[in-house]
Q: 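Quick one: structure below, then a few questions.
Nothing here was measured: the structure is a model prediction, and the numbers come from that model. Remember, it's 1-based here, ligands and their atoms both numbered in the order they're listed.
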Amino acid sequence: MTADAQHDYAAQRRQMVEEIARMARDARSETGRAVLGERTMAAMAKVPRHLFVASGQADSAYHNRPLAIGLGQTISQPFIVALMTDLMEIKPADRVLEIGTGSGYQAAVLAELAGTVYTIEIIEPLGREAAGRFKALGYRNIISRIGDGHRGWAEHAPFDAIMVTAATGDVPPALIEQLKPGGRLVIPIGSQPGVQTLYLIRKEADGKVTRQAVLAVRFVPLTGGPGR
Ligand code: SAH
């Protein structure tokens with residue numbers, strides 16, 4: 001890639017971040033946050049989204065839209081990536097779990113903010129491709145594996161924060177178990193396609209679990225399940 005093309009992507013990324021800031025203001029009555037955190041926005045301004053989409057789609061990578069990543073899956077709209085990231089309130093030493101690696105873009109954004117990101121993908125070719133991107137881009141704090149995220153990742157639990165990037169009828173119990181007291185879980189809930197609500201779930205210091213509806217969203221379904 002030429003220096004000019006690089007420069008162009010950086011400019012497109014800055015525009016994307018402005019668009020995210022605009023959407024955050026517009027959605028403030030629903031989300032309760034008019035402004036997303038500085039660290040979140042800096043991560044959005046840094047991660048090269050065009051390297052996480054098919055090469056033919058690089059020029060659409062910084063539009064504030066979801067994109068197809070093959071095998072029926074999608075990379076979320078940048079505003080949703082930023083909002084979900086912000087809701088996690090990640091601190092630099094945090095251990096974070098993501099279910100649904102997909103392209104790897106969301107994991108890379110999380111890796112800019114956290115100590116270590118563990119990410120699980122159920123579709124093998126997607127998981128492999130994402131792992132290749134993490135390596136090529138030097139994300140050494142992302143540990144990925146192929147598998148069913150319903151069971152979480154017990155060997156590395158507990159986590160400071162967990163994000164699920166596919167929709168499910170209810171929160172897989174293993175994920176609540178693997179969350180630290182004081183931890184946060186962000187997940188789209190709803191069993192019908194296109195009718196889901198993004199939830200912020202908190203596990204209080206005493207273990208009590210509370211949930212707060214944040215925004216209407218649309219995600220691909222979480223497949224697999226407890227019996228598999
Ligand atoms: N976070 C991704 C987008 C996720 S799309 C990104 O940034 O690109 C949702 C992903 O979840 C898909 O790749 C899908 O295959 C995966 N998925 C669905 N069910 C899953 C499960 N049970 N465990 C792990 N991954 C799952």
Q: Which residue owns the protein heavy atom closest to atom 3 (C) of ligand 1, what's the atom, and how far is it?
A: Thr74 O, 3.2 Å
Q: Heavy-atom contacts with Leu126 under 4.0 Å: which atoms of ligand 1 show up? List them by number with element.
A: 13 (O)
Q: Does any N or O atom in Ile122 lie less than 3.5 angstrom from one in ligand 1, N or O only?
A: yes
Q: Would one find an N or O of Ser103, backbone or side chain, under 3.5 Å from an N or O of ligand 1?
A: yes
Q: Indicate, as side chain, backbone, both or neither, the part of Gln73 found under 4.0 angstrom from ligand 1 when only non-hydrogen atoms are considered.
A: side chain
Q: Once you restrict to heavy atoms under 4.0 Å, what part of Ser76 touches ligand 1? Side chain, backbone, both or neither.
A: neither
Q: To the nearest 0.5 Å, how far apart are CE in Met84 and CG in Leu36?
A: 13.0 Å
Q: Under 4.0 Å from a heavy atom of Gly147: which atoms of ligand 1 are those, numbered in the order shown and with their elements?
A: 23 (N), 24 (C)
Q: Answer with yes or no whether the side chains of Ser103 and Gln73 bring together a donor and an acceptor at under 3.5 Å.
A: no
Q: Check this for me: does any side-chain nitrogen of one of Arg22 and Glu18 sit under 4.0 Å from a carboxylate oxygen of the other?
A: no
Q: Test Asp160 against every option in Arg184, Lys180, Arg95, Lys91 by the side-chain hydrogen bond (donor to acceptor under 3.5 Å, both in side chains) rule and name the one that passes.
A: Lys180
Q: Looking only at distance, does Thr223 have an N or O less than 3.5 Å from an N or O of ligand 1?
A: yes
Q: Could you tell me how the ring of Phe134 sits relative to the ring of Phe52: parallel (under 30°), tilted (30 to 60°) or perpendicular (over 60°)?
A: tilted
Q: May I ask which of Arg145, His150, Glu121 has a heavy atom nearer to atom 13 (O) of ligand 1 than the others do?
A: Glu121
Q: For residues Gln178 and Arg151, report the shortest heavy-atom separation together with the two atoms involved.
A: NE2-O, 2.9 Å
Q: With a 4.0 Å cut-off on heavy atoms, does Val81 reach ligand 1?
A: no
Q: Tyr62 vs His50 aromatic rings, parallel, tilted or perpendicular, using cut-offs 30° and 60°?
A: tilted
Q: Under the 3.5 angstrom rule, does the side chain of Glu121 hit a backbone N or O of Gly102 as a donor-acceptor pair?
A: yes
Q: Between ligand 1 and Ile69, is the shortest N or O to N or O distance under 3.5 Å?
A: no
Q: Is there any N or O on Gly149 that sits under 3.5 Å from an N or O of ligand 1?
A: yes
Q: Evaluate the side-chain proximity of Arg211 to Ile189: yes if any heavy-atom separation is below 4.5 Å, no if none is.
A: yes
Q: What are the atoms of ligand 1, with element, lying closer than 4.0 Å to any heavy atom of Glu98?
A: 1 (N)
Q: Have a look at ligand 1 and work out which part of Thr101, if any, has a heavy atom under 4.0 Å from it: side chain, backbone, both or neither.
A: backbone
Q: Going by heavy atoms, is Ala130 under 4.0 Å from ligand 1?
A: no
